[in-house]
Amino acid sequence: MASDFRLKERLPALTARIVSTYEQVPSINHLGHCPLPNYDVVIGVIEDLKEILYPGYRRREGLHLGNVTYHVGDLVDGLHDKLTTQFGRALRHRAGKSRDCDAESVEDFEALGQAKALDFLDRIPEVRKALAYDAQAAVDGDPAVKHVDEVIFCYPGFEAVTVYRLAHALYELDVPLIPRMMTEWAHSKTGIDIHPGATIGRHFFIDHGTGVVIGQTTEIGDRVKLYQGVTLGALSFPTDGDGNLIRDHKRHPTIEDGVVIYANATILGGTTVIGHDSVVGSNVWLTRSVAPRTTVLLEKPNLRMRAEHEELEPDYNYQI
Amino acid sequence: MASDFRLKERLPALTARIVSTYEQVPSINHLGHCPLPNYDVVIGVIEDLKEILYPGYRRREGLHLGNVTYHVGDLVDGLHDKLTTQFGRALRHRAGKSRDCDAESVEDFEALGQAKALDFLDRIPEVRKALAYDAQAAVDGDPAVKHVDEVIFCYPGFEAVTVYRLAHALYELDVPLIPRMMTEWAHSKTGIDIHPGATIGRHFFIDHGTGVVIGQTTEIGDRVKLYQGVTLGALSFPTDGDGNLIRDHKRHPTIEDGVVIYANATILGGTTVIGHDSVVGSNVWLTRSVAPRTTVLLEKPNLRMRAEHEELEPDYNYQI
Amino acid sequence: MASDFRLKERLPALTARIVSTYEQVPSINHLGHCPLPNYDVVIGVIEDLKEILYPGYRRREGLHLGNVTYHVGDLVDGLHDKLTTQFGRALRHRAGKSRDCDAESVEDFEALGQAKALDFLDRIPEVRKALAYDAQAAVDGDPAVKHVDEVIFCYPGFEAVTVYRLAHALYELDVPLIPRMMTEWAHSKTGIDIHPGATIGRHFFIDHGTGVVIGQTTEIGDRVKLYQGVTLGALSFPTDGDGNLIRDHKRHPTIEDGVVIYANATILGGTTVIGHDSVVGSNVWLTRSVAPRTTVLLEKPNLRMRAEHEELEPDYNYQI
């Protein structure tokens with residue numbers, strides 16, 4: 001059996017067979033085009049932005065008001081360069097000019113990317129203020145919190161909202177591709193899937209969070225609280241005359257100020273409005289609007305209790 | 001208080017106490033055996049395989065048809081060596097020969113590992129074609145997608161299916177242990193838990209995906225679409241005469257071509273068949289078969305609405 | 001367009017605007033204080049602890065009873081130092097002495113941290129024995145397992161319980177902040193959110209696991225098994241006279257020995273007790289106690305089946 005061990009004569013033919021699929025099935029490779037945004041750089045950008053938003057928590061110790069300007073200034077300078085390049089690549093990709101990589105063309109897209117990078121960096125103070133409200137919302141909403149520092153260190157809801165607020169700023173600045181890469185990275189880390197196109201007001205808190213889905217055209221007011229497994233989704237996807245999906249209409253719900261939505265509730269549809277200060281109970285499934293200050297509860301399900309040795313009709317025996 | 005600071009005289013006794021548990025409780029250590037597959041190498045193999053499947057997206061920029069053969073050939077060569085070693089280790093582990101690490105025995109298992117490594121690499125073109133259909137399924141099924149590149153960059157459903165198709169090829173080649181390590185790594189990144197033993201047809205799409213579970217003996221046809229939280233699971237586990245679980249019979253459902261299953265639906269049981277082109281609604285709980293082209297919906301739950309200040313019977317007050 | 005490219009004159013003003021928010025919104029920065037626990041060091045500590053608990057699986061190959069003492073002794077020595085420093089920081093943070101960083105004060109908190117570090121290391125043999133039972137529980141409870149090594153390599157439920165048992169030991173030793181950082185790291189990797197304050201008996205298994213939430217004051221007996229999406233949560237949060245949350249009373253359920261809880265069941269409330277050897281079915285929603293040896297099943301939901309071309313009343317058309 002060991003006689004052919006480590007002989008590699010099959011490898012060149014094998015490689016050639018794989019490479020030949022790049023011409024046969026070109027939809028999932030990116031060969032001979034200008035480069036796409038670089039995933040690792042984009043993720044590094046998120047980490048840099050978090051260091052700017054929450055200095056002293058993660059990367060650098062011993063920061064104080066006397067030295068923090070150097071640290072942050074250096075990060076901002078680096079971010080400017082990375083964002084300029086990555087935004088330029090994303091803009092070129094959307095423009096469909098992905099084969100035209102001569103120096104002049106690169107410069108044009110990078111100049112546009114730079115303008116958007118500066119506009120984005122300009123928004124950081126405002127994003128930071130919004131996130132301070134979100135951190136406070138976690139302290140106000142979770143009896144297990146002892147100190148806001150816990151929230152910043154390790155609350156997945158706060159992590160997801162941090163990345164969402166950054167990505168949403170990019171989405172508003174019409175930067176393609178990159179906002180979604182950022183929120184999907186947060187989804188991977190937290191189980192919370194917030195589309196960068198959603199709009200979310202102040203003082204927002206998601207507790208536990210695994211399984212939360214917030215769709216692209218969702219609108220959420222101020223002081224809203226969600227628990228794990230909540231879906232704010234679409235009912236169905238209308239198609240045009242050719243059967244293609246229509247991609248830009250409002251298809252996700254509106255949640256007004258002060259609403260609380262408990263675990264695993266599902267709210268669907270672009271015309272569904274949950275009125276302000278309403279409460280939606282666990283597991284509720286809603287596809288129509290409710291008035292302000294309403295409590296919506298699932299009627300208590302009928303449970304079957306079976307004591308030991310008691311037989312239930314066979315239909316129930318499998319319901320485990 | 002600081003008087004005993006940094007004195008470490010307790011550490012040797014502490015270490016000895018820990019080490020003594022390795023003899024008392026040996027089931028969870030691996031001492032004095034031939035090495036197990038290396039987790040980090042296996043994960044690195046997935047990243048290498050993704051670079052071969054989707055060149056130009058992640059690691060290397062500036063690839064074109066003129067240079068991609070060198071890049072891919074180099075990866076294939078390295079993969080051959082890593083897979084040969086890791087498959088050899090996994091095969092030896094299954095054979096229960098984990099203490100017999102002499103050179104000749106290592107060579108025998110590695111030769112078998114090499115044969116499987118070559119067979120696996122041979123399947124990459126076919127896996128790549130299947131994945132091109134899956135990427136297209138995401139574009140066809142999600143109105144938030146603008147371009148297939150988004151899917152490849154950051155769709156968790158596509159990530160999970162990529163790893164599943166690779167792991168399933170290994171499962172079919174009867175490589176132990178490693179396929180499951182691969183799909184659980186994808187589970188960790190995406191929240192989507194697909195057992196490598198499941199069989200899944202062409203043009204498969206999972207949207208959002210967190211909480212999806214697809215069991216070992218599930219069979220899924222072509223053009224199937226799943227949403228977050230869908231479970232394709234087992235009803236109960238029969239045991240043999242001694243009370244031990246029977247481990248290899250079909251215990252998960254069959255989903256025929258063209259079925260759509262909405263969020264958080266649960267379909268259980270090895271004899272349950274969902275007929276082709278059926279639709280299973282959100283939160284539906286199914287343990288019996290349905291005919292082709294059936295729509296299965298949960299009867300709308302009764303909701304209790306409470307306007308502000310209105311009292312509900314006490315039983316309902318807690319349902320939040 | 002390219003004329004202003006790469007000019008960075010806006011960056012200093014931009015940086016100054018960001019830095020000015022550190023004084024305006026100081027709640028989410030940590031400037032001019034003694035350092036907080038270091039996140040990366042804490043995560044590294046978990047990896048070191050896993051190497052001690054399960055030697056031979058991940059990092060170091062070729063360990064045997066003749067050399068493992070050196071490997072483990074070296075890890076224990078390093079852990080002693082890291083834990084002493086990190087526990088000292090966490091204790092100082094809780095004491096509110098975060099600006100008093102002179103050498104003497106550092107030494108006092110580190111001395112207290114060292115005492116707790118030694119007490120924690122002392123508990124590892126006991127934690128390791130508990131985890132051997134948990135690994136066996138996975139083998140006993142999942143027909144897809146072939147060998148306990150699979151569980152240790154890649155079962156997310158076992159990963160989450162490993163981190164929980166370590167974090168719970170720290171919680172019992174009254175180490176602040178760090179236990180929660182550890183369990184949230186496991187939550188990020190597994191989708192399983194176990195608060196370090198929960199108490200969990202022997203032979204515990206969580207299968208699949210994504211979406212599981214186990215609250216701070218939950219009590220779980222021996223031989224309990226949970227599936228994905230199970231919530232053991234709170235009903236509502238009582239507030240004191242000033243409207244602030246009361247943070248330390250029992251608000252999560254008690255699950256007695258031998259209970260099995262199937263996927264996506266929700267059990268809420270601090271006075272809810274699930275009697276021993278009971279079974280709670282999928283999707284059940286429970287806020288009251290049940291006697292020992294009871295099976296609790298959801299009454300089978302009414303489903304609406306629609307054959308092709310058959311019309312349902314419009315109300316049902318959207319339920320997808």
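Residue numbering restarts at 1 for every chain, and letters A, B, ... go by the order of the sequence lines. The analysis underlying the following values was restricted to heavy atoms, covering all of them including side chains, and did not include hydrogens, waters or symmetry mates.
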Contact class of [X] relative to chain C, heavy atoms under 4.5 angstrom:
X      : result
A/A132 : both
A/L63  : both
A/N283 : side chain
A/E150 : both
A/H147 : side chain
A/V72  : both
A/L121 : both

Does a side-chain N-to-carboxylate-O contact under 4.0 Å join [X] and [Y]?
X      : Y      : result
C/R10  : A/D119 : yes
C/R94  : C/D174 : yes
A/D108 : A/R92  : no

With respect to chain C, which residue among [options] yields the maximal number of heavy-atom pairs within a distance under 4.5 Å?
options                       : answer
A/G191, A/G73, A/A135, A/P156 : A/P156
A/L75, A/T190, A/D122, A/V68  : A/D122
A/V148, A/D77, A/V76, A/I124  : A/D77

Identify which part of [X] has an atom lying under 4.5 Å from any heavy atom of chain A, answering side chain, backbone, both or neither.
X      : answer
C/V212 : neither
C/V25  : both
C/I192 : neither

Distance-only, no hydrogens or angles: does the C/H168 side chain make a donor-acceptor pair with backbone N or O of C/A198 under 3.5 Å?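 The answer is yes, because a donor-acceptor pair under 3.5 Å joins these two groups.
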
Would A/H208 and C/D193 count as having a side-chain donor-acceptor pair, cut-off 3.5 Å?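 Yes, a side-chain donor-acceptor pair sits under 3.5 Å.
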
Please determine, by modelled atom types, if C/Y171 and C/Q216 share a side-chain donor-acceptor pair under 3.5 angstrom.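 There is such a pair (donor and acceptor under 3.5 Å, judged by atom type) between the side chains of C/Y171 and C/Q216.
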
Determine, using ring centers only, whether C/H252 and C/H195 are less than 6.0 Å apart.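 C/H195 vs C/H252: aromatic centres not under 6.0 Å.
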
Scan the side chains in residues 52-60 of chain A for donor-acceptor partners under 3.5 Å anywhere in the protein, sequence neighbours excluded, and list what turns up.
unit_1, atom_1, unit_2, atom_2, d
A/Y54, OH, A/T162, OG1, 2.7
A/Y57, OH, A/D149, OD1, 2.6
A/R58, NH2, A/F153, O, 3.2
A/R59, NH1, A/D48, OD1, 3.1
A/R59, NH2, A/E47, O, 3.3
A/R59, NH2, A/D48, OD1, 2.8
A/R60, NH2, A/H71, ND1, 3.4

Flag the one option from C/L36, C/T15, C/I28, C/T21 with the top tally of heavy-atom pairs under 4.5 Å to chain A.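 Ranked by contacts with chain A, first place is C/I28.
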
Verdict with reasoning, A/D207 to A/Q228, per side-chain hydrogen bond (donor to acceptor under 3.5 Å, both in side chains): CA-CA 6 Å; A/D207 202 2; A/Q228 69 272 19; over 6 Å; no

